[in-house]
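Quick notes on the structure that follows.
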Amino acid sequence: MKKQNIRTLSLIVCTFTYLLIGASVFDALESQTENRRWTTLSDIEKMIMNKYNISPDDFKLLETLILKSEPHKAGQQWKFAGSFYYATTVLTTIGYGHSTPNTIGGKLFTMFYAMVGIPLGLVMFQSIGERLNKLSSVVIRKAKRLSGCTEIEATEINLICVVTTLSSLTIAVGAAAFSRYEGWTYFDSVYYCFITLTTIGFGDMVALQKDNALDTKPEYVIFALIFILFGLAIVAASLNLLVLRFVTMNTEDERRDEAEALQAAQGAVRLEGDVITADGSILSGQLGENNAVYHNISTTTSMCTCTCNCFRRDSDLQLGPTVSMPVDSLSCDQLSMEEYEQVMEVLMVPRTRVSI
């Protein structure tokens, strides 16, 4: 089995195993808390309905009203600032879900906009990541040269350390700013930054969604957008180093297999129906023009002592390093099948059906 197939199967098994482990851990961590919250919310719902004499239908209407009015606390979501924020979440595939189009035109445009914007964004961030890694390599080489290191080339380990440090600093600074503006705890802010920069985008915590921030805090809007774009470029640099290395392994193995097949074919004897390699394995057969049977004559091997043009020594032929010669056109005497088989036995070539 090819290395590529083994690697693919291994990745499938590892991924599903990882999913099973994750499901088990989340079940253990969250299921009891979920049950307690649901019980508490149900008790509060019954208490409110009994206290204010609200029917179940009216209570559901009240729930819908509260949920629908939540996005409007950020200000006007579809003015330019809010629309730019929404377009950023589409192009970067974060998809918070805090604001969604309601019109048919808006939904159609979102689909077409994403079809063009998502590939464009991926290419842009990947290109920025490559340039960032290139810049990091230059800085690392200069730092090593100034410190007197004998080996000044930037290794992958050096680059991974750099992008990891930059990612940590970006999340730390962003978390401090969001904690200040949003009133979140620092841990929740770190969680938000990580979910955002990995483009998971659950939408449980979204910046710029209260106190009319989109309309009254332009500096905070600019900071949030720069944080997303710059942070995603840092993440792209990390992916360029880690993920793409594994992605290109299959391509490298395919090229290696093609090179080995080409090398094996160079030393092959080509007959009708089969190709017999130097180690005795049979690959395929090949015919020349006018159904002439071809075989390769290596310059390092003397085929026989015959003086005719069919099986003369290579040194007498004075041809190139590897020559393809039609047996039926070079024979000085028209060989019968019996004579041809005798010659093949002298050459120690396995008997093969050949048309003469």
Side-chain angles (χ1 to χ4, degrees), residues 1-31 91-95 114-115 117-134 136-137 140 151 153-168 170-171 190-204 231-268 275 277-284:
M1 185 180 293
K2 288 185 177 181
K3 291 181 180 179
Q4 300 91 310
N5 297 333
I6 296 175
R7 184 181 297 117
T8 300
L9 291 175
S10 301
L11 288 173
I12 292 173
V13 172
C14 290
T15 300
F16 277 96
T17 303
Y18 196 69
L19 288 173
L20 293 173
I21 294 173
S24 301
V25 173
F26 288 128
D27 184 6
L29 292 176
E30 297 291 336
S31 59
L91 186 141
T92 57
T93 69
I94 295 175
M115 289 173 60
I118 291 175
L120 178 62
L122 291 175
V123 173
M124 181 196 71
F125 287 120
Q126 183 61 36
S127 180
I128 294 175
E130 291 178 355
R131 295 301 93 199
L132 184 60
N133 289 333
K134 186 67 175 179
S136 300
S137 299
I140 290 172
E151 179 61 40
E153 289 299 322
T155 64
E156 287 189 359
I157 301 299
N158 298 143
L159 293 174
I160 290 174
C161 291
V162 170
V163 296
T164 302
T165 302
L166 287 176
S167 300
S168 300
T170 302
I171 291 177
V190 170
Y191 167 79
Y192 164 76
C193 292
F194 180 83
I195 295 300
T196 296
L197 297 186
T198 53
T199 70
I200 297 174
F202 287 130
D204 54 338
L232 287 175
I234 301 296
V235 172
S238 303
L239 293 178
N240 183 264
L241 288 173
L242 300 175
V243 178
L244 291 184
R245 175 59 183 166
F246 293 98
V247 172
T248 56
M249 279 185 176
N250 283 338
T251 303
E252 293 175 357
D253 288 339
E254 290 285 355
R255 292 176 180 174
R256 189 180 301 109
D257 292 342
E258 292 176 359
E260 291 176 355
L262 181 61
Q263 184 178 4
Q266 289 178 349
V275 172
T277 62
D279 59 1
S281 60
I282 298 177
L283 299 179
S284 62

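Keep in mind that what you see is a predicted model, and the values were worked out from it rather than measured. Below, all heavy atoms of this structure are taken into account, side chains as well, without hydrogens, waters or symmetry copies. Note that the numbering runs from 1 along the sequence shown for the chain.
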Legend entry - Residue pair Ser238, Thr164: steps toward the side-chain contact (heavy atoms from CB on, under 4.5 Å) verdict: CA-CA 7 Å; Ser238 303; Thr164 302; 5.8 Å; no
Inset, instruction - Verify whether one side chain among Thr8 and Asn5 offers a donor that lies under 3.5 Å from an acceptor in the other. - result: no
Inset, instruction - Enter the distance from Thr92:OG1 to Leu232:CG here, rounded to the nearest 0.5 Å. - result: 5.5 Å
Legend entry - Test side chain to side chain donor-acceptor pair (under 3.5 Å) applied to Asp27 - qualifying residues, sequence neighbours left out: Ser31
Legend entry - Between CZ on residue Phe125 and OG1 on residue Thr199, distance to nearest 0.5 Å: 10.0 Å
Inset, instruction - Kindly compute the distance separating CD1 (Ile128) from CG (Leu132), expressed to the nearest 0.5 Å. - result: 9.0 Å
Inset, instruction - Please report the closest heavy-atom contact between Leu91 and Gly117, naming both atoms and the distance. - result: CG-O, 3.5 Å
Inset, instruction - First locate atom CD1 of Ile160, then atom OG1 of Thr165, and finally report the distance between them rounded to the nearest 0.5 Å. - result: 11.5 Å
Legend entry - Atom pair CG (Leu166) and OG (Ser136), whose distance is rounded to the nearest 0.5 Å: 6.5 Å
Legend entry - Any donor-acceptor N/O pair, Asn133 side chain to Glu130 backbone, under 3.5 Å: no
Inset, instruction - Without swapping roles, check the side chain of Ser10 against the backbone of Ile6 for a donor-acceptor pair under 3.5 Å. - result: yes
Inset, instruction - Could you walk me through whether Thr196 and Ile94 pass side-chain contact (heavy atoms from CB on, under 4.5 Å), step by step? - result: CA-CA 6 Å; Thr196 296; Ile94 295 175; 3.8 Å; yes
Inset, instruction - Kindly give the heavy-atom pair with the smallest separation between Asp204 and Tyr191, and that separation in Å. - result: OD2-OH, 3.1 Å
Legend entry - Listed partners of Tyr192 passing ring pair (Phe, Tyr, Trp, His ring centres under 6.0 Å), at least two apart: Phe178, Trp184
